[in-house]
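What's counted below: heavy atoms across the whole structure, side chains too, no hydrogens, waters or symmetry copies.
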Amino acid sequence: MMNHIDKHRRPLVALQQACIPHYRRCLYEKLGSDRRFRFVVFADPSADVPFLPLAEAPRHCKFEGAAQHFIRLPFGLSLSWQPTAVRAVVRNRPDVVIAQGSPYDLTAWALTLVGRFLGLPVLLWTHGLQGEESGLKWTVRAWLYRLSRGLLLYGDHAKQLLISKGLAADRLHVIYNSLDDCEQAAVSQRITPEECEAFRRSIGIDSHERLICFTGRLQPVKGLPWLLRALNIVVRQGKNIHFVIVGDGSERPILESLAEELGLTRLVHFLGAVYDESRIGLVLSASDLAVVPSGAGLSVMHALAYGTPVLLHDDIQDHFPEWEAVKEGETGWFYRNGDLSDCAQKIIDALFPSPRKPAMAAACRVMIDHRYNTATHAELFVEAITKYCPLTSPSGTEQPLSDAIQRAGPIEHSTR
């Protein structure tokens with residue numbers, strides 16, 4: 001049963017997350033400044049994965065530390081558990097609970113069960129599905145999803161897959177994702193063509209050479225050694241392309257060794273971990289193309305914000321939901337997964353005889369301005385919450401919802 005909402009107070013929303021990554025800062029500040037709700041965030045003050053910088057506690061949200069505990073299982077599986085968050089929800093009875101919706105998070109199971117018992121609406125913030133899933137894995141995931149009142153999803157593709165699995169469409173809310181687009185827009189406006197040329201010269205790029213880039217943690221899931229081999233094919237065809245890598249991680253020694261083995265040391269530039277948006281923005285602005293060989297996610301949005309098209313492979317279940325921002329021939333391209341020659345040819349087509357970036361930069365930025373930005377992300381977030389916790393005006397009438405969904409609209413996508 002829906003909690004009674006006192007029209008003279010703002011409803012309380014409890015938000016449980018593993019931690020608060022640095023890229024979530026702007027979203028939480030936007031949510032916290034929304035006068036329609038009060039937010040309390042439960043998160044571990046420490047990162048749950050290596051090489052992940054965290055944001056400071058949100059300024060406009062109440063923050064309570066909720067340490068994660070891990071239960072190690074066979075076959076490399078691990079379950080996480082944040083009992084502090086569960087106890088707080090039972091004690092405080094918020095109007096809406098939003099939990100991190102992973103089947104491997106015992107906190108999500110506990111909160112959805114508590115919500116059922118206490119009559120609290122619990123929503124799961126989750127990737128949902130990116131590809132077909134069946135058997136025991138889907139059965140367990142489906143149980144969790146059906147225990148919740150609804151799902152907050154990152155993309156339209158996941159929604160369609162879940163509908164095909166029998167979940168009700170009116171319980172599936174696409175809220176997309178965002179970085180700090182306001183800061184990125186300000187940085188982009190400050191960067192001049194002369195600064196881009198100076199950066200390219202600083203790493204030894206001649207006028208007839210091109211530059212591709214990667215930003216993100218250097219993890220096995222990203223498939224960067226594979227990209228170096230594709231780059232080697234391009235170079236052997238007489239096309240000099242430099243590759244700048246922004247990020248750090250366990251794969252760096254492997255990549256450095258492989259670059260030397262392939263004779264690409266002069267063309268591959270490791271900048272390490274960079275968190276200064278002005279510096280990252282300069283690299284992305286100066287690049288002709290961003291390539292994410294696998295596990296594409298936030299790096300897609302980052303590149304598009306600076307008008308740089310993105311190249312991905314076409315096996316979408318291998319990516320995170322942000323792949324949907326890539327539209328063939330408009331904001332980027334897809335190559336055949338596992339096909340080094342096709343990847344190399346797509347890189348050549350995007351960069352020679354002249355880069356296609358100038359003709360695509362506007363569409364790249366529009367994708368961010370229209371859909372993947374903090375204002376739309378926060379408004380869709382609140383829109384979903386409002387369905388389960390209706391807001392009332394001083395007169396007692398329900399407030400109209402925003403038009404954020406209509407502004408964002410569904411994504412029309414094709415990988416080929």
Side-chain angles (χ1 to χ4, degrees), residues 2 15 96-105 108-109 111-113 115-116 120-178 295-298 300-301 312-328 331 334 337 367 370-373 376-390 401-416:
M2 183 74 70
L15 178 55
V96 180
V97 179
I98 298 172
Q100 183 164 289
S102 167
Y104 301 102
D105 189 343
W109 290 94
L111 288 174
T112 52
L113 290 170
R116 289 282 179 172
L120 303 176
V122 177
L123 308 179
L124 299 178
W125 189 2
T126 174
H127 287 172
L129 293 178
Q130 285 302 294
E132 288 299 325
E133 195 168 277
S134 59
L136 179 61
K137 189 174 183 180
W138 165 246
T139 299
V140 172
R141 188 187 299 275
W143 283 343
L144 177 61
Y145 288 175
R146 290 191 170 105
L147 276 173
S148 73
R149 287 284 193 88
L151 306 182
L152 306 181
L153 301 169
Y154 289 88
D156 294 292
H157 182 66
K159 179 176 180 178
Q160 295 307 313
L161 286 176
L162 290 169
I163 290 173
S164 72
K165 290 286 193 179
L167 273 71
D170 62 356
R171 296 178 59 238
L172 307 175
H173 311 282
V174 180
I175 62 172
Y176 302 112
N177 206 351
S178 65
L298 294 171
V300 172
M301 294 159 47
L312 310 176
H313 71 61
D314 62 1
D315 187 359
I316 57 179
Q317 66 181 351
D318 209 25
H319 298 306
F320 298 102
E322 294 78 18
W323 71 265
E324 294 181 14
V326 178
K327 300 181 72 174
E328 181 74 25
T331 60
F334 295 86
N337 187 29
M367 180 61 74
H370 184 58
R371 185 170 296 134
Y372 293 92
N373 60 81
T376 298
H377 193 186
E379 195 60 32
L380 290 173
F381 204 108
V382 170
E383 186 119 1
I385 297 169
T386 304
K387 178 176 179 179
Y388 302 89
C389 180
L401 298 178
S402 76
D403 61 349
I405 290 178
Q406 286 75 16
R407 290 200 314 271
I411 294 178
E412 299 175 1
H413 54 77
S414 171
T415 60
R416 302 299 299 167

- Which heavy atom in A296 sits nearest to a heavy atom in L312, and how many Å separate them? CB-CD2, 3.4 Å

- Heavy atoms only: give me the nearest S178-H377 pair and the separation to one decimal. OG-ND1, 2.8 Å

- Query: Closest approach of W109 and P103, non-hydrogen atoms and distance?
  - Reply: NE1-O, 3.0 Å

- Query: How far apart are the closest heavy atoms of A108 and S102, and which atoms are they?
  - Reply: CB-O, 4.1 Å

- Message: Looking at E324 and H157, would you say the former's side chain and the latter's main chain have a donor-acceptor pair under 3.5 Å?
- Response: yes

- Message: Walk me through whether F381 and L15 qualify under side chain to side chain contact (heavy atoms under 4.5 Å, CB included).
- Response: CA-CA 12 Å; F381 204 108; L15 178 55; 4.3 Å; yes

- Message: Just to verify, what does N177 make a side-chain hydrogen bond (donor to acceptor under 3.5 Å, both in side chains) with, not counting sequence neighbours?
- Response: R24, E322

- Query: Please walk me through it: do I175 and Y154 pass side chain to side chain contact (heavy atoms under 4.5 Å, CB included)?
  - Reply: CA-CA 6 Å; I175 62 172; Y154 289 88; 6.0 Å; no

- Item | Sub-6.0 Å ring centroid separation between H319 and F334 | no

- Message: Treating D314 as the side-chain partner and N337 as the backbone partner, does any N or O pair qualify as donor plus acceptor under 3.5 Å?
- Response: yes

- Could you tell me whether H127 and F320 have their ring centroids closer than 6.0 angstrom? yes

- For T331, check side-chain hydrogen bond (donor to acceptor under 3.5 Å, both in side chains) against everything at least two apart and list the hits. none

- Query: What orientation do Y176 and Y372 show, parallel under 30°, tilted 30 to 60°, or perpendicular over 60°?
  - Reply: perpendicular

- Does any N or O in the side chain of W125 come within less than 3.5 Å of the main-chain N or O of L153, such that one atom is a donor and the other an acceptor? no

Give the table of side-chain donor-acceptor pairs shorter than 3.5 Å for residues 128-138, with sequence neighbours excluded, one pair per line with atom names and distance.
| from | atom 1 | to | atom 2 | distance (Å) |
| --- | --- | --- | --- | --- |
| Q130 | OE1 | W323 | NE1 | 3.0 |
| E133 | OE1 | R141 | NH2 | 3.4 |
| E133 | OE2 | R141 | NE | 2.7 |

- Evaluate side chain to side chain contact (heavy atoms under 4.5 Å, CB included) for L151 paired with L162, printing each intermediate quantity in order. CA-CA 10 Å; L151 306 182; L162 290 169; 3.8 Å; yes

- Query: Heavy-atom distance under 4.5 Å between the side chains of R149 and V122, does that happen here?
  - Reply: no

- K159/H173 under side chain to side chain contact (heavy atoms under 4.5 Å, CB included): CA gap, chis, key distance, verdict: CA-CA 8 Å; K159 179 176 180 178; H173 311 282; over 6 Å; no

- Message: Given 3.5 Å as the limit, does a donor-acceptor pair link the side chain of R171 with the main chain of S148, or not?
- Response: yes

- Please report the closest heavy-atom contact between V96 and C389, naming both atoms and the distance. CG2-CB, 3.4 Å

- Closest approach of L380 and V174, non-hydrogen atoms and distance? CD1-O, 3.7 Å

